[in-house]
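Atoms considered below: every heavy atom in the structure, side chains included; atoms not considered: hydrogens, waters and symmetry mates.
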Amino acid sequence: METDRERAHRAWRNAERIKKLSDDLIKIGPWGLGLDGVLAWVPAAGSIYSLGTAGLLLYEGAKAQASTWTMVRMAAYMLANSAMSEVPVIGWAMDTLFRAQLMAANALQRDIEARHGPAPAADEARPQRQALGATR
């Protein structure tokens, strides 16, 4: 059975994956570009992606029992991002520069770290599997 701390740390790692995929696939100095910025220029795809990542981040926040204030902030970031996706050209450009998934994921991660401590690295979180009887 998974403890609250383990579940929260899993949510932290999932938020890390979402923010990297959405806003940091390609790093350009202090800026990054990810699927959210690219899909913002594809009508409907940007909105669908933004709403999907919003749902995933809010789900992870709920599973990690994030504070109400954190959940409200996350929802506000994602709502603003989705609204920008609906405005052709200018909104798409703003959506490309507005890193809502990164901000929402960071808010969730800070909440988790404040209550459960830092999440272990992904390699440390997985149990070590050793073949029975294998020696080297």
Before you tell me yes or no, could you show the steps for Thr53 and Ser22 under side-chain contact (heavy atoms from CB on, under 4.5 Å), namely the whole-Å CA-CA distance, both residues' side-chain angles and the distance that decides it to 0.1 Å? CA-CA 8 Å; Thr53 56; Ser22 297; 3.9 Å; yes
Which residues share a side chain to side chain donor-acceptor pair (under 3.5 Å) with Asp4, sequence neighbours left out: none
Apply side-chain contact (heavy atoms from CB on, under 4.5 Å) to the pair Arg99 and Trp31, showing each step before the final yes or no. CA-CA 9 Å; Arg99 302 173 76 188; Trp31 297 98; 4.2 Å; yes
Spacing of Leu58 atom CG and Met71 atom CE [to the nearest 0.5 Å]: 5.0 Å
Nearest heavy-atom pair of Leu57 and Met74: which atoms, and what distance? O-CE, 3.2 Å
Find out whether Tyr49 and Leu21 are in side-chain contact, i.e. whether some heavy atom of one side chain is under 4.5 Å from a heavy atom of the other. yes
Smallest heavy-atom separation, Ala104 atom then Met78 atom, equals CB-SD, 4.0 Å
What residues, two or more places apart in sequence or in another chain, satisfy salt bridge (charged side-chain N to carboxylate O under 4.0 Å, His left out) together with Arg5? none
Leu108 and Ala66 have their tightest heavy-atom pair at CD1-CB, 3.9 Å
Testing the basics here: between Glu113 and Pro118, what is the closest heavy-atom pair and its distance to 0.1 Å? CG-CA, 4.0 Å
Distance in Å, Met103 CE paired with Phe98 CZ, rounded so as to fall on 0.5 Å steps: 3.0 Å
Mark yes or no for whether Gln109, through its side chain, and Trp12, through its backbone, hold a donor-acceptor pair below 3.5 Å. yes
How far apart are the closest heavy atoms of His116 and Ala8, and which atoms are they? CD2-CB, 3.3 Å
Which residues pass the salt bridge (charged side-chain N to carboxylate O under 4.0 Å, His left out) test with Lys20, not counting sequence neighbours? Glu16
Rounded at 0.5 Å granularity, tell me how far CD1 in Ile112 sits from CD in Gln65. 10.5 Å
Measure the spacing between OG1 of Thr96 and CE of Met84 and express it to the nearest 0.5 Å. 10.5 Å
Residues two or more places apart in sequence or in another chain: which of them pass salt bridge (charged side-chain N to carboxylate O under 4.0 Å, His left out) with Asp111? Arg115
Hey, is the main chain of Ala64 close enough, under 3.5 Å, to the side chain of Arg7 for a donor-acceptor pair? no
Polar contact flag, side-chain donor to acceptor under 3.5 angstrom, Asp36-Ser50: yes
How far does CG of Leu97 sit from CG of Leu33, to the nearest 0.5 angstrom? 9.5 Å
Identify every side-chain donor-acceptor pair in residues 85-92 under 3.5 Å, counting partners at least two apart or on other chains, and give the distances.
{"unit_1": "Ser85", "atom_1": "OG", "unit_2": "Asn81", "atom_2": "O", "d": "3.2"}
{"unit_1": "Ser85", "atom_1": "OG", "unit_2": "Asp95", "atom_2": "OD2", "d": "2.6"}
{"unit_1": "Glu86", "atom_1": "OE2", "unit_2": "Ser47", "atom_2": "OG", "d": "2.4"}
{"unit_1": "Trp92", "atom_1": "NE1", "unit_2": "Ser85", "atom_2": "O", "d": "3.1"}

With Arg110 via salt bridge (charged side-chain N to carboxylate O under 4.0 Å, His left out) - residues at least two apart: none
Can we say Glu2 and Arg10 salt-bridge, meaning some charged N sits less than 4.0 Å from an Asp/Glu carboxylate O? yes
To the nearest 0.5 Å, atom CG of Leu51 lies from atom CG of Leu56 at 11.0 Å
Compare every heavy atom of Asn106 with every heavy atom of Lys19, then report the nearest pair and how far apart it is. NZ-OD1, 2.5 Å
